[in-house]
Structures are given as structure tokens and as C-alpha cells.
Amino acid sequence: MMTTDNPKAYAVLYSSTFAFMVCFVVWMMFGVLGIQIRQELGLNAFEFGLLTSTPVLTGALFRLPLGIWTDRFGGRVMMTILLAGCSIPVYLVSYSQQLWHFLVIGLFLGLVGASFAIGTPYVARFFSAERKGFAMGFFGAGTVGAAVNLFLTPILLESFGWRAVPKIYAVVLLITAVGFWFVSAPDPGAGKTSGRFADQFNVLRNPKVWRYCQYYSITFGGFTALSLWIPQYFQAEYGLSLVAAAALAAGFSLPGAILRAVGGGLADRFGAHNVTWWCLWVAWICLFLLSYPDTQLTIKTLDGSSSFHLYMPIWLFVGILFVLGAVFAFGMASTFKYVADDFPDNMGTVTGIVGLAGGLAGFLLPIMFGILAEILPVRSSCFMLLYGVVWVSLIIIYFSEVKRVEISGEIQR
């Protein structure tokens, strides 16, 4: 295993993080472009959720095979192929005319979201065990692409029209692919996977893998879903312009990305369990506050009636979103610290499985947000749903780690 003393370790770290950031910008672009597309096509809330989340589906499903192929062929090769190959469907987005066009092409461009399963094991193999949490957290900070998307895409859209944006991003993907190949280094873990392909899935028998999938489904899945959903939420709830709504939405996406390196460092120092446990509790409090809808209360008193207006002002809403984004970042980093500690020999496979769970959550949650908005016409219902998911995660981590009792009921020795 290579150590941090090797200068190539940081070349790999920086180039991989930048490549992941570019991928994330493209992966999240429908969160902004979708608002304009929704107006042109007259989409309802469910259709908008489907539009924004479709790329997330393939980004989720392909995390597992790409994680396995990274163990076999190396991160340098896989990342370069992914960047170059995905530039084609991204370019084709600009020619889409109907919803089904966007959905089909979105399935192909969504592959950029699987870049996480390539970069995580690739980067980790260049660092010592004591620094893996930091390295993976730093790489994971490439999710800052969600915030870059919220800043950059509205500007490009206003300047050149939305159909020019995919063409620009396709060129950026190609340039990044070339730069990544020359800056990065051969993967020291490539080709060392032994045994049959099917044998790599034996880790699914380990209950820890399923617990980590649950943790990542709320931290990463919740982060991804809200990054896509919040711009239009700001527009509808507070009557903001697209540029202003996207800029304020970055108050969630930005800390949810850049603080992953901090979360990885905290997990190295205090342990993955402690960081995950406390982050989920803070997220639970934030989501409880965000869930409360705009409410008018009238109370009958001895002197008649008294009315109260409970409402989340925009400054408080942005502040709570900032905290929520930060703890999601810490939780994402600590989850993969679990993986690095418990599965050092097949990180690619486990990273792919856990990443798959998080990506699927990121795909399903916006659709569920749209369905809830149609059934329960309360805009904050999206936060209510996430509040319930966090509760499930807290219950699981309490019984499996805090009380040291397995979900099956067997006491750990």
C-alpha cells in the first residue's frame, strides 16, 4: 500500500476530486435546467421529480459494477472512460424536445454519478489506514459540484439559453478526461481481486453492509434529493427568481460538499460511529423544524379569540439548511470510514453497494417528494419524509451499535 509520503498520492487525490466535481455538476444540472424545462413542457410535480431524478437512477445502479471493475481494471482507466463516454449523452440533451427524450438520455448521462464508486477505492489505496478517512472525505468533497451547478448553470442559462448548457458541459467532460489521464497515476490495487466474480457479492451476507447502506441512503440520498428539489422550493415558497433561488439553495449544497473532508478527519479521530450517531441526531432536529408548514392558529380565549402565525422566515430557513447540509456531509464521510475500516480488501465492491443504496435513495426521494406534494398539498412534506427516514436510521444505529444488540436480537459478544 502506498503512503501519503508518495507525491503521486496527492496528485491522484486532487485530480480525482476535480473529476468527481465536474461529474457532479453534470449529474445535478437538471435541478436547475429542469425548472425551465418544466415551464416549457408544462410538467406537474411528479413529472418534475421524475425528470430531475432519472439521471440519479443510473448513477446509482452502476455504482456497484463500476466499483467492482475499479478493483479489476483500476481507477485511472475507469474514470477516464467514464468522463469521455458520458460527454455524448450530455451533448444530446440540448436536442431533446419531449419529456421521454429527457428521460431516456438522462439514463445515459446519469452514469457520471457512478464516478464516486470509482474514485473512492482508487484514492483510498494511495493512503495509509490512518489517513483514509480524510482522503475519502476530501474526494467526497467533489459533491461541491452540486453547489457549483447552482451558481454556474443559472448564469449560463441566462446568458446562452438552456440548450447551450449541455453542450458546454460535454466539452468540459472531454477536457477533464484528458487532464485526468495525464495527472493521475496507475491504480496500485488494479487486478488484485481474486476469485470468481460472484464471490465478491458474499459481503452482502454481512449485516454491517446493510446498515451502512441505510446510513448512506439518508446522508447522501437526502443530500442529492434536496439539492435537486430545493431551487424550485425556494421559488414556490418565497417567490424568488431562478438565479436567487439557486444561489440560496447553495447554502445547503455547499457545506454538504466541502465539509466532507472535515467529516472524514473527525471520523479518523473520533471513530465512524460517534460522528454518524451525532450527525443523525442533529439532522433529526433540523428536519423537524423544516417540516413545520406555514400555519395560522386561532385560539378561543375568555376574551374572544387570538390568532398566531407560525412561519419560517427565509433567513432562518437558509440557516437550518446550512446546518443540515453540514451534518449530511459529516455523515457521508463517516459512513465510508466504516467501509474502509471493516472491508479493506474489497472496498470497491462494498463502496459500490453502499453507493448504490445512496444513489437509489437520491433517485426515489424526489419522485416521492412529488407524489407527496400531489397527495398532501403541503410544500414542507419533503422534509417530513426525510424526518421519518432519519428516525429509522437512528433506531438501527441505536440497537446495532449503541446497545451492541443485533437487529436479529442476538447479543454481540
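For reference, positions follow the sequence shown, starting with 1. Not measured: the values here are computed from a predicted model. Values reported hereafter were calculated over all heavy atoms of this structure, with side chains retained and with hydrogens, waters and symmetry mates removed.
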Test item: [X] side-chain N/O and [Y] main-chain N/O as donor-acceptor pair under 3.5 Å:
| X | Y | result |
| --- | --- | --- |
| E374 | I371 | no |
| R76 | D187 | no |
| S241 | A244 | yes |
| T120 | A117 | no |
| S159 | L156 | no |

Under 4.5 Å between any side-chain heavy atoms of [X] and [Y], yes or no?
| X | Y | result |
| --- | --- | --- |
| M312 | E237 | no |
| L240 | I314 | yes |
| K167 | Y95 | yes |
| L109 | C86 | no |
| V93 | V165 | no |
| M28 | T224 | yes |
| I37 | F102 | yes |
| Y212 | V339 | yes |

Rounded to the nearest 0.5 Å, how far does [atom2] of [Y] lie from [atom1] of [X]?
| X | Y | atom1 | atom2 | answer |
| --- | --- | --- | --- | --- |
| E158 | Q36 | CD | CD | 8.0 Å |
| D268 | K337 | CG | NZ | 4.0 Å |
| L152 | L157 | CG | CG | 11.0 Å |
| K208 | C213 | NZ | SG | 14.0 Å |
| Q97 | E40 | CD | CD | 8.5 Å |
| W100 | T54 | CH2 | OG1 | 14.0 Å |

**Item:** Option among Y238, Y292, F322 that satisfies the ring-ring contact (aromatic ring centres under 6.0 Å, His included) test with F317
**Value:** Y238
**Item:** Qualifying residue for ring-ring contact (aromatic ring centres under 6.0 Å, His included) with F20, from F116, Y122, F138, Y14
**Value:** F116
For [X] versus [Y], what's the shortest heavy-atom pair and its separation?
| X | Y | answer |
| --- | --- | --- |
| T58 | L111 | OG1-N, 3.8 Å |
| V12 | A185 | CG2-N, 3.7 Å |
| L150 | S227 | CD2-O, 4.4 Å |
| K8 | V183 | NZ-O, 3.5 Å |
| V323 | C286 | CG1-SG, 3.7 Å |
| L280 | S393 | CD1-CB, 3.9 Å |

Mind telling me whether [Y] and [X] have parallel, tilted or perpendicular rings, with 30° and 60° as the class edges?
| X | Y | value |
| --- | --- | --- |
| W281 | W391 | perpendicular |
| W284 | F288 | parallel |
| F223 | F220 | tilted |
| F383 | Y233 | perpendicular |

Quick check: are there more than 12 heavy atoms from other residues, nucleotides or ligands sitting under 6.0 Å from [atom1] of [X]?
| X | atom1 | result |
| --- | --- | --- |
| F48 | CZ | yes |
| F108 | CZ | no |
| M368 | CE | no |
| R269 | CZ | no |

**Item:** Distance flag, aromatic centroids of F127 and Y10, threshold under 6.0 Å
**Value:** yes
**Message:** Determine whether the aromatic ring centres of residues W277 and Y338 are separated by less than 6.0 angstrom.
**Reply:** no
**Message:** Is there a side-chain contact (heavy atoms from CB on, under 4.5 Å) between L266 and N274? Walk through the geometry before answering.
**Reply:** CA-CA 9 Å; L266 290 174; N274 289 328; over 6 Å; no
**Prompt:** Is there a donor in the side chain of T276 and an acceptor in the side chain of S334, or the other way round, less than 3.5 Å apart?
**Reply:** yes
**Side-chain donor-acceptor contact under 3.5 Å, Y169 with T153** = yes
**Request:** Might you work through the side-chain contact (heavy atoms from CB on, under 4.5 Å) test for L321 and F234, ending with a clear yes or no?
**Result:** CA-CA 12 Å; L321 277 180; F234 269 118; 4.0 Å; yes
**Asked** Should S380 and S291 be marked as a side-chain hydrogen bond (donor to acceptor under 3.5 Å, both in side chains) after you check the CA-CA gap, both sets of side-chain angles, and the distance that decides it?
**Response** CA-CA 5 Å; S380 61; S291 296; over 6 Å; no
**Item:** Residues V148, V22; criterion side-chain contact (heavy atoms from CB on, under 4.5 Å); working and verdict
**Value:** CA-CA 9 Å; V148 173; V22 171; over 6 Å; no
**Message:** Applying the side chain to side chain contact (heavy atoms under 4.5 Å, CB included) criterion to P231, which one of I35, N149, T52 satisfies it?
**Reply:** I35
**Asked** When you look at L174 and L83, which way does the side-chain contact (heavy atoms from CB on, under 4.5 Å) test go after all the steps?
**Response** CA-CA 7 Å; L174 282 175; L83 289 165; over 6 Å; no
